[in-house]
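One structure is given below, encoded as structure tokens.
These values consider heavy atoms only, across backbone and side chains, with no hydrogens, waters or symmetry-generated copies.
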Amino acid sequence: MKAIKEHTIDIVKSVLVWAVVTGLAFLYWMAVFLVLSLILLNVWHVTFDSILQYSTILTVITSITYIVKKIYKARN
């Protein structure tokens, strides 16, 4: 019973860490695209909606990469 409880706690910790990493990745990509849109103001005409879309797509890619690396590390 104790081993099941410890395993459940480990899973909850892993999910929480994944959620934090995903949230930070989204904030990172938003900041990068907002800064780029300011730097490239006369060249890159972008709306906030497209910045949200780009950030979401790159956050999903980052999240999938993080999950794959964790699975690969757990198997080795």
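No donor-acceptor pair under 3.5 Å is formed between the side chain of Ser55 and the backbone N or O of Leu52.
Nearest heavy-atom pair across Thr59 and Thr22 is CG2-O, 3.6 Å.
For the atom pair CZ (Arg75) and NZ (Lys70), the distance works out to 14.5 Å, reported to the nearest 0.5 Å. We find the CD1-CG distance between Ile11 and Leu16 to be 12.0 Å, quoted to the nearest 0.5 Å. Rounding to the nearest 0.5 Å gives a distance of 8.0 Å between CD1 of Ile57 and OH of Tyr54.
Residue Val17 belongs to a hydrophobic cluster whose other members are Trp18, Val21, Tyr66, Ile67, Ile71, with links defined by side-chain heavy atoms closer than 4.5 Å.
Qualifying side-chain hydrogen bond (donor to acceptor under 3.5 Å, both in side chains) partners for Thr8, counting only residues two or more places apart in sequence or in other chains: none.
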All N/O donor-acceptor pairs, side-chain side in residues 23-42, below 3.5 Å, sequence neighbours left out:
| from | atom 1 | to | atom 2 | distance (Å) |
| --- | --- | --- | --- | --- |
| Trp29 | NE1 | Thr62 | OG1 | 3.2 |
| Ser37 | OG | Phe33 | O | 3.4 |
| Ser37 | OG | Leu34 | O | 2.7 |

